[in-house]
Amino acid sequence: MNTRRRNKDGDEEDSSPAAVSNNQLPNSFFEMSSPHHQNNHLKQKLEEGRREDRAIAEECSQLHGDRYSIALLLFLYVLQGIPLGLAGSIPLILQSRQISYKEQAMFSLVYWPFSLKLIWAPIVDAVYSSRIGRRKSWLVPMQYLIGFFMLYLSTRVSYLIGDEDPNIEPSVLTLTAIFFMLNFLAATQDIAVDGWALTMLSRENVGYASTCNSVGQTAGFFLGNVLLLALESADFCNQYLRTDPQPRGIVTLKSFLFFWGIVFLITTTLVFIFKREKPHVPGEDDDEESEGIVLAYKQLYRIVTLKSVKSFMAILLTVKIGFAATDSVTTLKLIESGIPKERLALLAVPMIPLQITLPWIISKYTAGPKPLSVFLKAMPFRLFTGILFAYYVYWTPSQKMEGDSFPIYYYILLIMLFAFNQVAVYSMYVAIMSMHARVSDPAMGGTYMTLLNTVTNLGGNWPSTLVLWLVDPLTWKACLGASDTGHDCDSKRQIDQCTAAGGTCHTDIDGYYIEVIVCTIIGFLWLKLRHQEMRRIQDLPEGDWKVRSSNL
């Protein structure tokens, strides 16, 4: 999702009755009643209207010159969101195939490229062909490769996820390798598009770049995740979109990948042929470009050697341990309990208005000098939400009705729980992004804030992978009622063997609940032990965050 705060403070006028003299109000009242004053007042309003019209016309004129570039940027960010949405939908599809949580942990590695792109971002920014264009030198090959990967994956995905033969387990290792590469290419494309946005748009409209990023990625993720899961589901399509039931959904994962692979190839070709980059002025920033790679890595080293940054990075890398089990395993457990994956995906739709409005509301409280105070207040509520989710997972099987459906009140309560969690999540997210913006040294350009954002993402990725991997070792299952002994229930194949022998797999101890308890305890201990450290860090003087000349 890269985060964005705005200061909305303004001057206040004293409009109290004491500020108005005794004769002002009657004079104004009688003047307003006179025809002469009404005429003057009307002229004043007309003049104000003309000025507003001129300002709007000027803004529209400026926007008119960049409207095609804005449309192109928006579309490029939509394309970028497609692989992200696909990567988010695959774990839900695989969970319905009863893969192990260790395999889910393996697949979670596909999210890491966007968290690590800072490592190769200086190379993308400094190495290019001037004949092709600074940004197109990376954008065009990356999008071509994404298109070819999708076309190849469309021919293999049915086999890889186990659709062609139910006796064959999904090939999670191959899927992980392919989607890791897809997200690596998408992350590299993101670097190129972010840089191109600064020169593609005029100075007056460059602020629209962040809007295109946010809206485009969200739309792309929605298409590749929520829409795909809904249209791929035979139950959803038969219930809401068809009159005659069919065994498959309207869209298959294979056809979806093929369609977007073609879209990537065609649109990339059009961009390569018809969209021109602004010509590079000879001598402009030549020295900076020739030394850009070395300079960027030197800047990173200077930043991470600051004592304040090292302390802050230690916090960012450990603070999300308390929420890891809830954030990473809960959705998969709900699917395991019988909730259709497309239903869970569609629950994201009512969350969209909340996700749009929450940052604006919360930013009013984080724009000051102590943004981490909001973070510390929201953290206990988020930890408590994890306990509520664990109870909800435990309660879910008892709510299943005939036909494996769930009552409407179950989904209403689940939406309310998700909404409560979102308030805590966004309070912490906006607070930490505000802290990043406040302490980042402008002399380091965007490198400082990008580094802090990267560390924040890593602080969420490594606990997620770890807790997914630990679910199976912490879970005890037994095959009950089988005609022979020696059956385990650790994988889909073993579960099928137990069922074939006339038994059923029963979970004695679910590792998910152990993880939620342990993570929650760690979270509250972390809050108690690091509470004062976080307050100390946010109170550090501005100079402690600056890279001094002695470090240059």
Test side-chain contact (heavy atoms from CB on, under 4.5 Å) applied to Val518 and Thr520, Ile521, Ile522, the passing residue = Ile522
query = Would you say the SG of Cys505 sits less than 2.5 Å from the SG of Cys498?
reply = no
ask   = Does anything in residues 506-519 pair up under salt bridge (charged side-chain N to carboxylate O under 4.0 Å, His left out), and if so which pairs, sequence neighbours excluded?
value = Lys333-Asp510
query = Can you pull the salt bridge (charged side-chain N to carboxylate O under 4.0 Å, His left out) pairs that have at least one residue in residues 370-393, sequence neighbours excluded?
reply = Asp327-Arg382, Lys370-Asp539
When you measure from the side chain of [X] to the backbone of [Y], do you find a donor-acceptor pair of N or O atoms at a distance under 3.5 Å?
X	Y	answer
Ser255	Val251	no
Trp138	Val127	yes
Ser464	Gly460	no

Would you check if [X] and [Y] make a side-chain contact, meaning some heavy-atom pair closer than 4.5 Å?
X	Y	answer
Leu344	Leu347	yes
Phe148	Leu153	no
Leu300	Leu451	yes
Met106	Leu468	no
Thr174	Ile178	yes
Phe256	Leu231	no
Leu227	Phe221	no
Leu458	Leu317	yes

query = In this structure, which one of Tyr410, Phe406, Phe420 forms a ring-ring contact (aromatic ring centres under 6.0 Å, His included) with Tyr392?
reply = Tyr410
message = Between His531 and Phe375, is the ring pair (Phe, Tyr, Trp, His ring centres under 6.0 Å) condition met? List the steps.
response = CA-CA 10 Å; His531 183 274; Phe375 184 97; over 10 Å; no
key: Gap separating the CG atom of Leu86 from the CG atom of Leu257, nearest 0.5 angstrom   = 5.5 Å
query = Which value, rounded to the nearest 0.5 Å, describes the distance between Thr366 atom OG1 and Ile361 atom CD1?
reply = 12.0 Å
message = Counting neighbours of OH on Tyr411 that are heavy atoms of other residues, nucleotides or ligands and sit closer than 6.0 Å, is the number greater than 12?
response = yes
Over 60° means perpendicular and under 30° means parallel, so classify the ring planes of [Y] and [X], tilted if in between.
X	Y	result
Trp395	Tyr409	tilted
Phe389	Phe418	tilted
Tyr513	Tyr394	perpendicular

inquiry  = As a quick check of understanding, evaluate side-chain contact (heavy atoms from CB on, under 4.5 Å) for Gln80 and Leu76, giving each step before the final call.
reply    = CA-CA 6 Å; Gln80 186 184 118; Leu76 290 175; over 6 Å; no
request  = Would you kindly say whether Thr330 and Tyr512 are connected by a side-chain donor-acceptor distance under 3.5 Å?
outcome  = yes
Sequence neighbours excluded - ring-ring contact (aromatic ring centres under 6.0 Å, His included) pairs with any residue from residues 82-108 = Phe107-Phe179
